[in-house]
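The next block holds one structure in the form of structure tokens; read it before the comments.
So you know, we letter chains A, B, ... as the sequences are listed, proteins then strands, and number each from 1.
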2 protein chains.
Amino acid sequence: MTLSILLAEDDIELNSAIEEALQCEGFTVTCCHSAEQALDEAEQQKFDIALLDLVMPGMTGVDAIAALRRLQPGIGIVITTAFATVDTAVDAMKRGADDFVTKPFNLTTLATTLRRVQAQRQPALTLPEEEANKVFSALSNPMRRAVLQQLALHKKLRFMDLCRLAGVDNHTQFNFHLRQLKQSGLVEQNANKIYFLTTHGQQMVQFIAASSDE
Amino acid sequence: MTLSILLAEDDIELNSAIEEALQCEGFTVTCCHSAEQALDEAEQQKFDIALLDLVMPGMTGVDAIAALRRLQPGIGIVITTAFATVDTAVDAMKRGADDFVTKPFNLTTLATTLRRVQAQRQPALTLPEEEANKVFSALSNPMRRAVLQQLALHKKLRFMDLCRLAGVDNHTQFNFHLRQLKQSGLVEQNANKIYFLTTHGQQMVQFIAASSDE
DNA sequence: CCCGGTTGATAAGTTCTCTTATCAGAAGTG
DNA sequence: CACTTCTGATAAGAGAACTTATCAACCGGG
């Protein structure tokens with residue numbers, strides 16, 4: 001799979017060298033000489049990774065991070081600089097860069113870094129249509145949301161304990177809903193009949209504010 | 001609001017100095033002399049922020065980040081070190097630290113950093129119960145998910161264009177669902193009758209894989 | 001061995017969500 | 001000015017989701 005790179009580097013010779021080297025490594029490269037140009041390109045076309053020099057005339061690479069994220073939330077961002085300090089590195093990472101590379105750098109190593117950044121940029125959770133249907137339907141019910149909240153709090157629970165914590169009197173009603181959570185892949189039960197959240201369940205429960213009781 | 005700090009610093013004198021200074025600034029401080037101790041404490045008690053020395057006997061502060069995140073996903077993490085390099089700073093940030101502070105540091109400035117980290121650690125999106133009900137109910141329907149996908153792709157659309165892109169023939173059916181998305185706070189319409197995603201809508205649509213058509 | 005608690009399935013009825021048709025006003029175009 | 005397209009509300013019916021009661025097997029404790 002060919003990765004598309006958005007390169008912003010004001011040094012003409014270095015810009016050409018990086019473009020050539022990355023093309024040899026199988027990337028598609030779009031070259032800019034300023035962050036402003038890069039943002040213009042990002043409005044026109046989707047990129048996998050932005051490779052931005054820290055210091056350029058006008059907007060810096062770090063200044064461009066927030067705008068790039070707004071345009072393309074999934075884009076990987078790597079900042080390059082010749083004048084690295086701990087403070088500038090930390091600031092870039094805090095502002096959303098995925099990596100920070102100090103010049104001079106080995107071009108083959110750079111290619112490896114770009115591939116790794118791309119691999120790690122997968123959204124934490126993206127649901128295919130059928131799975132999105134299951135998950136959102138499952139969580140449209142208040143009782144089922146309460147189940148996730150209690151499992152987030154208590155980690156592992158037996159059926160009747162979970163039923164009571166969720167505040168449900170009719171255990172067969174509760175059983176029906178618990179089955180639906182299992183079928184949606186948000187909750188699982190081990191061999192000892194203990195219920196717990198799956199990885200998906202843990203991810204989805206983050207969006208539900210903790211219950212205010214207990 | 002009193003912030004609770006989990007401090008891991010093997011230098012005894014510095015540990016005491018930091019504890020005293022942060023207590024004077026109104027924090028609650030739990031002191032440990034190793035990352036292992038800090039993880040034990042984190043299993044017992046919830047903290048707002050972990051302040052971890054990078055280099056300690058046994059597990060380093062950076063090694064502890066992933067385990068701490070698992071125990072307390074909302075915790076802020078600040079790494080301190082006397083031997084800062086760009087590489088160690090970038091590595092710590094990549095592994096999930098919220099900030100990176102180089103020794104020696106001003107203790108008042110440290111307190112300010114801790115408060116700022118805590119303020120920025122708010123989860124990106126946590127829905128109170130009533131809002132969670134609205135949002136999950138709204139997204140349990142495939143037509144309404146299609147609306148979010150098209151608005152993510154096209155940014156701004158008029159009613160009938162959106163209706164056609166979503167593949168719906170009956171515009172009054174579509175109108176009914178669009179109203180529900182507006183009422184759920186996921187979609188808005190401007191004065192020119194143009195529909196677009198709200199901040200919540202943009203956040204939720206990330207979880208829905210892009211439609212494979214077009 | 002009996003009783004109480006736990007775990008679980010399912011059919012039928014109730015409630016809620018969605019679809020559909022009807023109706024209507026506004027705006028743009030020829 | 002008339003026609004077409006756009007935008008929108010809503011009532012009634014259809015379909016889906018949820019509740020409820022019945023039934024049953026298993027396990028632990030006395």
Subject >> Per-nucleotide protein contact string for nucleotides 6-25 of chain C (B base, S sugar-phosphate only, - none; heavy atom under 4.0 Å) >> reply: SBBB--------SBBBB---

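Using the six-membered ring where Trp is involved, A:Tyr195 and A:Phe159 have ring planes that are tilted, between 30° and 60° apart.
Atom-to-atom distance recorded for B:Met204:CE and B:Leu139:CG is 5.5 Å, nearest 0.5 angstrom.
Around atom CG of A:Asn190, more than 12 heavy atoms belonging to other residues, nucleotides or ligands sit under 6.0 Å away.
Here A:Phe27 pairs with nothing under the ring-ring contact (aromatic ring centres under 6.0 Å, His included) rule; sequence neighbours left out.
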Subject >> Test salt bridge (Lys or Arg N to Asp or Glu O under 4.0 Å) applied to A:Lys94 and A:Asp91, step by step >> reply: CA-CA 5 Å; A:Lys94 278 158 61 182; A:Asp91 182 61; 5.3 Å; no

